[in-house]
Amino acid sequence: DFGQGPALVNQAGKSIKTWFFVMTLCFSRHQYAELVLDQSVETWLGCHRRAFEWFGGVPRKVIIDNAKCAIIKACYYKPAVQRSYAGYAEQWGFIISACPVRDPQKKGRVESGVKYAKKNFMPLRRFVDLADANHQLQQWVLTTAGQRRHGSTFKQPRTQFETIEKST
């Protein structure tokens with residue numbers, strides 16, 4: 001999912017908007033997170049590729065919260081998937097599962113990863129540029145986020161991922 005990230009300042013002193021991309025694995029709750037400058041289809045696909053590389057594999061199913069770069073028409077029974085994303089899913093071998101409209105029970109895992117990153121990573125941090133922000137974010141995912149005791153599973157996400165989920 002995407003969520004609003006911190007504002008960065010470019011070399012000219014102008015404020016630049018960023019967006020969090022967060023992919024969270026359902027079993028372990030281990031995450032991939034990245035800050036990007038837009039929410040385009042190309043960015044969405046690139047974030048997926050980098051997430052799959054981060055995890056060392058591709059999940060069988062990707063649950064998404066109807067991001068406009070992925071779902072062009074949200075529908076409870078048969079959402080319309082963006083053509084490039086559908087082809088990407090076929091190429092990488094995963095099923096796209098869009099969250100049903102107005103069903104908060106299905107959106108929890110998808111939305112909570114972005115909310116957790118915004119509330120726990122962003123405060124009190126300073127970034128030189130986008131590369132620095134992403135470096136800090138990846139270190140945070142591996143240490144703070146990955147080593148915490150998760151509120152739902154009561155396990156450490158990174159340990160669960162490395163000992164159980166990564167090998168399956």
Side-chain angles (χ1 to χ4, degrees), residues 1-5 18-36 38-121 134 137-138 140-168:
D1 200 13
F2 280 124
Q4 188 172 357
T18 66
W19 304 96
F20 278 107
F21 170 86
V22 178
M23 183 181 285
T24 305
L25 298 176
C26 287
F27 174 77
S28 66
R29 304 303 206 279
H30 188 42
Q31 297 177 318
Y32 170 79
E34 179 179 351
L35 287 166
V36 295
D38 62 58
Q39 297 183 45
S40 67
V41 174
E42 293 79 19
T43 298
W44 178 257
L45 300 179
C47 287
H48 275 63
R49 180 183 51 78
R50 290 182 292 278
F52 299 155
E53 290 169 356
W54 175 266
F55 295 130
V58 179
R60 289 184 200 107
K61 183 187 330 184
V62 175
I63 302 169
I64 58 170
D65 185 20
N66 297 308
K68 298 220 182 309
C69 55
I71 304 298
I72 54 177
K73 183 176 182 223
C75 175
Y76 192 85
Y77 295 103
K78 190 165 169 99
V81 177
Q82 199 280 343
R83 190 175 337 141
S84 295
Y85 189 46
Y88 193 81
E90 187 175 327
Q91 174 188 349
W92 283 84
F94 66 89
I95 297 167
I96 298 169
S97 178
C99 289
V101 179
R102 292 183 282 292
D103 190 346
Q105 299 291 8
K106 304 278 191 225
K107 293 183 179 190
R109 282 187 219 143
V110 176
E111 291 181 342
S112 64
V114 172
K115 186 169 47 174
Y116 177 70
K118 285 173 73 169
K119 289 184 178 181
N120 294 280
F121 169 73
N134 275 314
L137 181 56
Q138 289 180 347
W140 176 83
V141 166
L142 291 172
T143 57
T144 305
Q147 301 302 322
R148 78 189 188 281
R149 185 173 180 251
H150 192 276
S152 298
T153 65
F154 305 108
K155 310 267 188 206
Q156 291 179 322
R158 188 171 171 198
T159 302
Q160 288 292 99
F161 171 73
E162 290 177 354
T163 60
I164 300 169
E165 195 168 37
K166 189 174 184 177
S167 62
T168 59

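Here, residue 1 is the first one in the sequence, and each next residue gets the next number. Scope of the values below: all heavy atoms of this structure, side chains included, with no hydrogens, waters or symmetry mates.
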Measuring from [X]:[atom1] to [Y]:[atom2], what's the distance to the nearest 0.5 Å?
{"X": "Asp1", "Y": "Cys47", "atom1": "CG", "atom2": "SG", "result": "11.5 Å"}
{"X": "Glu165", "Y": "His30", "atom1": "CD", "atom2": "NE2", "result": "9.0 Å"}
{"X": "Phe121", "Y": "Thr144", "atom1": "CZ", "atom2": "OG1", "result": "9.5 Å"}
{"X": "Phe55", "Y": "Gln31", "atom1": "CZ", "atom2": "CD", "result": "8.0 Å"}
{"X": "Gln138", "Y": "Asn134", "atom1": "CD", "atom2": "CG", "result": "6.0 Å"}
{"X": "Lys155", "Y": "Ser28", "atom1": "NZ", "atom2": "OG", "result": "12.5 Å"}

Contacts of [X] that satisfy side-chain hydrogen bond (donor to acceptor under 3.5 Å, both in side chains) - sequence neighbours left out:
{"X": "Gln156", "result": "Thr159"}
{"X": "Thr18", "result": "none"}
{"X": "Glu53", "result": "Arg49"}
{"X": "Asp38", "result": "Ser40, Thr43"}

[X]: which residues meet the side-chain contact (heavy atoms from CB on, under 4.5 Å) condition with it, sequence neighbours left out?
{"X": "Ala86", "result": "Val81"}
{"X": "Ala70", "result": "Trp44, Ile64, Tyr85"}
{"X": "Lys61", "result": "Ile63, Ile95, Ser97"}
{"X": "Ile72", "result": "Ala80, Gln82"}

Show your reasoning for whether side-chain contact (heavy atoms from CB on, under 4.5 Å) applies to His48 and Val62.
CA-CA 10 Å; His48 275 63; Val62 175; 4.0 Å; yes
Shortest non-hydrogen contact from [X] to [Y]?
{"X": "Phe21", "Y": "Ala51", "result": "CE2-CB, 4.4 Å"}
{"X": "Ala33", "Y": "Val22", "result": "CB-CG2, 4.1 Å"}
{"X": "Ile164", "Y": "Phe27", "result": "CG2-CE2, 3.7 Å"}
{"X": "Val114", "Y": "Gly3", "result": "CG1-CA, 3.5 Å"}

Tyr88 vs Phe52 aromatic rings, parallel, tilted or perpendicular, using cut-offs 30° and 60°?
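Ring orientation of Tyr88 relative to Phe52: parallel.
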Verdict with reasoning, Leu35 to Phe20, per side-chain contact (heavy atoms from CB on, under 4.5 Å)
CA-CA 5 Å; Leu35 287 166; Phe20 278 107; 3.6 Å; yes
Salt bridge (Lys or Arg N to Asp or Glu O under 4.0 Å) filter on Glu90, not counting sequence neighbours, yields none
Tyr32 meets the ring pair (Phe, Tyr, Trp, His ring centres under 6.0 Å) criterion, sequence neighbours left out, with Trp54
Can any side-chain N or O of Arg29 pair as donor or acceptor with the backbone N or O of Pro157 at less than 3.5 Å?
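No, Arg29 side chain to Pro157 backbone: no donor-acceptor pair under 3.5 Å.
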For a side-chain contact (heavy atoms from CB on, under 4.5 Å) check, start with the C-alpha distance between Gln4 and Trp19, then their side-chain angles and the critical distance, and finish with the verdict.
CA-CA 5 Å; Gln4 188 172 357; Trp19 304 96; 3.9 Å; yes
